[in-house]
Undergrad: 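Before anything else, here's the structure in question.
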2 protein chains.
Amino acid sequence: MCDVMKEKKEMKEKQMKPMELDASTEEKIKAAARALFIRKGYAATRTRDIAEEAGINLALLNYYYRSKEKLFDLILLETTVDFMKQLSVLLNDAHSTLEEKVERVTAGYIDFLTAEPHVPIFMLSEIRNHSGRLFERLAMGRMLKDSVFMKQYEEAVAQGRVTETNPLHFVMNLLSMIIFPFVGKELLQRLVAMQDGAFERMMQERKRLIPVWIKMMFSRNESEQIL
Amino acid sequence: MCDVMKEKKEMKEKQMKPMELDASTEEKIKAAARALFIRKGYAATRTRDIAEEAGINLALLNYYYRSKEKLFDLILLETTVDFMKQLSVLLNDAHSTLEEKVERVTAGYIDFLTAEPHVPIFMLSEIRNHSGRLFERLAMGRMLKDSVFMKQYEEAVAQGRVTETNPLHFVMNLLSMIIFPFVGKELLQRLVAMQDGAFERMMQERKRLIPVWIKMMFSRNESEQIL
DNA sequence: TATCGGATTAAACAAATGATTAATATGTTT
DNA sequence: AAACATATTAATCATTTGTTTAATCCGATA
């Protein structure tokens with residue numbers, strides 16, 4: 001719903017009957033836009049495609065979201081926030097150990113990306129172009145630094161259980177091994193002649209393997225490297 | 001140069017004086033197109049931008065390359081072939097060990113991607129859309145399977161030096177840890193508030209670390225896991 | 001029932017964009 | 001010098017595309 005009307009709408013919100021229908025149309029547009037933007041990117045997506053996919057009149061897109069770009073910014077921001085929030089929640093669970101966090105991040109993201117495999121390329125390629133100021137208010141700058149994960153990591157280093165002192169490598173290796181297969185899927189499937197089914201099975205297998213590999217990479221205690 | 005004229009040109013190739021100038025213009029277009037396509041993608045790149053970047057008249061683009069799409073296909077194919085050829089050459093060197101191959105692939109790709117950081121996202125996001133048949137003749141299907149690397153890997157598994165029996169995980173982890181940081185650079189830099197200089201220094205550090213990590217992940221012999 | 005406001009629609013607009021044309025320039029061949 | 005082929009240019013074309021407009025629909029309210 002367009003900005004000007006939003007105020008009026010919110011004022012009446014309680015007795016509004018058509019609200020479901022309104023929200024439905026508004027949501028249909030956003031859902032269609034999300035699907036297309038994520039699959040084809042901003043520049044390759046036409047407003048007419050969005051309207052058709054949503055089953056609505058073209059003008060309604062501008063009626064509710066002002067412009068293609070505003071709609072896109074909204075979706076890019078929401079998608080990125082969702083993506084980062086997952087990480088943030090898992091990294092800040094006070095009741096899980098460092099090892100458990102690794103396992104949960106791995107399983108959580110592999111499940112998420114299996115359902116939404118186009119999200120990483122979408123985020124990473126569109127953030128490059130747009131979003132100059134779009135992400136400043138997100139303030140992710142201290143998200144990792146202030147996390148429970150980071151405390152536990154430093155503790156583990158201090159106790160000599162973990163060898164690498166730069167936690168960035170730890171996080172980067174973990175995310176690399178989880179996310180990259182989805183990003184490179186198309187190329188990798190051609191490189192080794194793999195079907196979709198085999199790919200998904202491989203990613204399920206990696207749920208178990210990645211935590212083991214991470215442990216082997218960063219643990220100082222040889223006896224633990226076997227499990 | 002357009003198809004129709006190519007024949008005539010090749011017939012005269014020996015005494016052609018304007019050939020340098022011709023090739024120069026043709027090359028200027030391709031270079032400009034490559035730079036823009038790789039940075040902004042197919043859909044976001046205008047033929048007028050390419051013409052301006054190349055410093056040539058708009059019509060010359062169609063004169064030499066027929067259409068935007070033909071020009072793009074050429075560049076996507078060339079870029080992908082270059083990228084894969086690097087891997088192919090390194091994986092098929094008969095005079096290097098498995099460990100040396102890991103080191104060389106790591107150093108080679110980190111250097112390449114430091115110079116051309118946009119290439120991976122470009123390839124991986126554009127291959128998804130175009131390229132239905134563009135890559136069939138590339139026949140990468142057996143590239144990995146028939147490589148010297150694969151022979152050495154199987155040998156290492158047979159000798160018990162390497163633990164994981166599925167070589168796909170080995171290759172995928174290697175490529176993930178090398179390539180993903182470049183793909184996720186923008187997001188990662190925001191996540192940890194990192195500057196460009198720090199990023200490059202980190203990637204140089206990874207040249208040394210990744211082969212060590214790979215060795216730790218996949219080696220069965222505990223005494224080797226320390227180095 | 002009449003009226004009002006938001007939702008929806010078909011039509012149109014203006015700018016952008018890929019491509020083409022026709023003319024001209026430039027250098028080569030005869 | 002004349003004829004020719006290729007390279008280059010400015011102008012134009014036809015479509016596409018994001019957006020707007022004006023009219024209409026529809027349910028709620030008074």
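Numbered from 1 within each chain, the chains take letters A, B, ... in sequence-line order.
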Undergrad: So what does A/L58 touch, heavy atoms closer than 4.0 Å: a base, only the sugar-phosphate, or nothing?
TA: base
Undergrad: Which atom pair, heavy atoms only, marks the closest approach of B/P181 to B/S176?
TA: CD-O, 3.7 Å
Undergrad: Taking CG from B/L60 and P from C/dG18, how many angstroms apart are they, rounded to a whole number?
TA: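 Result: 16 Å.
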Undergrad: Would you mind telling me which of D/dT21, D/dT17, C/dA16 lies closest to the side-chain atoms of B/R46?
TA: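 The nucleotide sitting nearest to the side chain is C/dA16.
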Undergrad: May I have the distance from B/D49 (atom CG) to C/dT17 (atom C1'), rounded to whole angstrom?
TA: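 B/D49 atom CG is separated from C/dT17 atom C1' by 10 Å.
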Undergrad: Can you confirm if the NZ or CZ of B/K28 lies within 45° of the ring axis of B/Y64 and under 6.0 Å from the centre of its six-membered ring?
TA: no
Undergrad: Tell me whether the side-chain N/O atoms of B/T47 come closer than 4.0 Å to OP1 or OP2 in C/dG18.
TA: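 Yes, B/T47 has a side-chain N/O under 4.0 Å of OP1/OP2 on C/dG18.
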Undergrad: Below the 4.0 Å mark, does C/dT17 have OP1 or OP2 next to a side-chain nitrogen or oxygen of B/R48?
TA: no
Undergrad: Taking the ring centre of each residue, are B/F72 and B/Y65 less than 6.0 Å apart?
TA: no
Undergrad: Counting side-chain heavy atoms from CB outward, which of D/dT9, C/dA19, D/dT6 is closest to B/Y63?
TA: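 Of D/dT9, C/dA19, D/dT6, D/dT6 is nearest to the side chain of B/Y63.
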Undergrad: Rounded to the nearest angstrom, tell me the gap between atom CD1 in B/I56 and atom C1' in C/dG18.
TA: 14 Å
Undergrad: Any side-chain N or O of B/T25 less than 4.0 Å from the OP1 or OP2 oxygen of D/dT8?
TA: yes
Undergrad: Quick one, A/F37 with A/F122, criterion ring pair (Phe, Tyr, Trp, His ring centres under 6.0 Å). Give me CA distance, side-chain angles, the key distance, then yes/no.
TA: CA-CA 8 Å; A/F37 280 143; A/F122 165 71; 7.4 Å; no
Undergrad: Compare every heavy atom of A/S96 with every heavy atom of A/R104, then report the nearest pair and how far apart it is.
TA: NH1-CB, 3.6 Å
Undergrad: In whole angstrom, what separates A/F37's CZ from D/dG18's C1'?
TA: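 It works out to 11 Å between those atoms.
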Undergrad: Considering only side-chain heavy atoms of A/K68, which listed nucleotide, D/dA7, C/dG18, D/dG18, is closest?
TA: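 For the A/K68 side chain, the nearest candidate turns out to be D/dG18.
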Undergrad: How close or far is atom P of D/dG18 from atom CZ of A/F72, stated in whole angstroms?
TA: 13 Å
Undergrad: Would you kindly give the CG-to-C1' distance between B/N62 and C/dG18, to the nearest whole Å?
TA: 7 Å
Undergrad: Atom CG of B/L61 to atom P of D/dA10: distance rounded to whole Å?
TA: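 These atoms are roughly 16 Å apart.
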Undergrad: Taking only side-chain nitrogens and oxygens of A/N57, does any of them come within less than 4.0 Å of OP1 or OP2 of C/dA10?
TA: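 So the side chain of A/N57 is within the cut-off, an N or O lying under 4.0 Å from OP1 or OP2 of C/dA10.
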Undergrad: Once you round it to whole Å, what is the distance between C1' of D/dT17 and CD of A/E69?
TA: 15 Å
Undergrad: Could you work out which one of C/dA7, D/dG18, D/dA7 sits closest to the side chain of B/Y64?
TA: D/dA7
